[in-house]
Participant: 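Take this structure, written in structure tokens, and hold onto it; I'll ask about it next.
Below, read A as the first sequence line, B as the second, and so on, with proteins coming before strands; counting in each chain starts at 1.
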Amino acid sequence: KNEVEQSPQNLTAQEGEFITINCSYSVGISALHWLQQHPGGGIVSLFMLSSGKKKHGRLIATINIQEKHSSLHITASHPRDSAVYICAVRYRGSTLGRLYFGRGTQLTVWP
Amino acid sequence: EAGVTQFPSHSVIEKGQTVTLRCDPISGHDNLYWYRRVMGKEIKFLLHFVKESKQDESGMPNNRFLAERTGGTYSTLKVQPAELEDSGVYFCASSRQAYHHIQYFGAGTRLSVL
């Protein structure tokens, strides 16, 4: 059973706005991934987290292991950030690489 | 370094026909994964190869799906016979190690079964 929940499902923003996408999961994990998929494009890995916070350019990913929650933030959003953002987890205790995915968040940034 | 490549990018077939999808992982990546996204649903795991061995095939929906990875290089996923509910986007991913390593995804194959 998939227990990875993302919110919101759809998000519209004006260029320059600060964006937050949330991901929650129900059981212990060993790693959480944030992925990006542009329309018609492949899936790109943005971050892999097991604790704390990571930053890459305008993107910041945080994870709270106790709360079983992660957030992806985009600062100074731009129309090229428009994409589907997907959260995926690997459950703790699994030695295999299998990922469990959320349904994704469709982000649209207007100029 | 070439990324994960998938072929074809789009396949349209009729119910009952056979389709074979191909995935070429990044060179040197022993781990290869197949995933599928059905319309409106989340991406779901199908199976995981380590080199040429099936490490985990618990996500394969039924025996109409056959995956192979001869020689531990490229992989094929055959659907025979295809049914309407098999329509979706099939993604392949590869990683150097299975644990705590980023998976690199291909662009996917969009399968439409009519």
Participant: Are B:M60 and B:L32 connected in a single hydrophobic cluster, I mean Ile/Leu/Val/Met/Phe/Trp/Tyr linked by side-chain heavy atoms less than 4.5 Å apart?
Facilitator: yes
Participant: Test of understanding: clusters of I, L, V, M, F, W, Y form through side-chain heavy atoms closer than 4.5 Å, transitively. Do B:L47 and B:Y35 belong to the same one?
Facilitator: no
Participant: Is it possible for you to say whether A:L59 and A:L107 belong to one hydrophobic cluster, with membership spreading through side-chain heavy-atom contacts below 4.5 Å?
Facilitator: yes
Participant: Is it the backbone or the side chain of A:Q6 that comes under 4.5 Å from a heavy atom of chain B, or both, or neither?
Facilitator: neither
Participant: Under a single-linkage definition using a 4.5 Å side-chain heavy-atom cutoff for Ile, Leu, Val, Met, Phe, Trp and Tyr, are B:V89 and A:I86 assigned to the same hydrophobic cluster?
Facilitator: yes
Participant: Could you check which of B:R37, B:Q6, B:R110 has the highest count of heavy-atom pairs closer than 4.5 Å to chain A?
Facilitator: B:R37
Participant: Is there a side-chain contact between A:L35 and B:I43 in this structure, where contact means two heavy atoms from C-beta onward sitting under 4.5 Å apart?
Facilitator: no
Participant: At a heavy-atom separation under 4.5 Å, does B:Y104 approach chain A through its side chain, its backbone, both, or neither?
Facilitator: neither
Participant: Quick one, A:L99 and B:Y33 - any side-chain contact, counting heavy atoms below 4.5 Å?
Facilitator: no
Participant: Please round to the nearest 0.5 Å and tell me the distance separating atom CD of A:Q37 and atom CZ of B:F91.
Facilitator: 4.0 Å
Participant: Atom NZ of residue position B:K78 - does it have more than 12 heavy atoms of other residues, nucleotides or ligands inside 6.0 Å?
Facilitator: no
Participant: Quick check: does any side chain N or O of B:E42 sit under 3.5 Å from a backbone N or O of A:V4, one acting as donor and the other as acceptor?
Facilitator: no
Participant: Let me confirm one number: the CD-CE distance from B:Q103 to A:M48, rounded to the nearest 0.5 Å.
Facilitator: 9.5 Å
Participant: Would a hydrophobic clustering, with Ile, Leu, Val, Met, Phe, Trp and Tyr connected at side-chain separations under 4.5 Å, put A:V89 with A:Y85?
Facilitator: yes
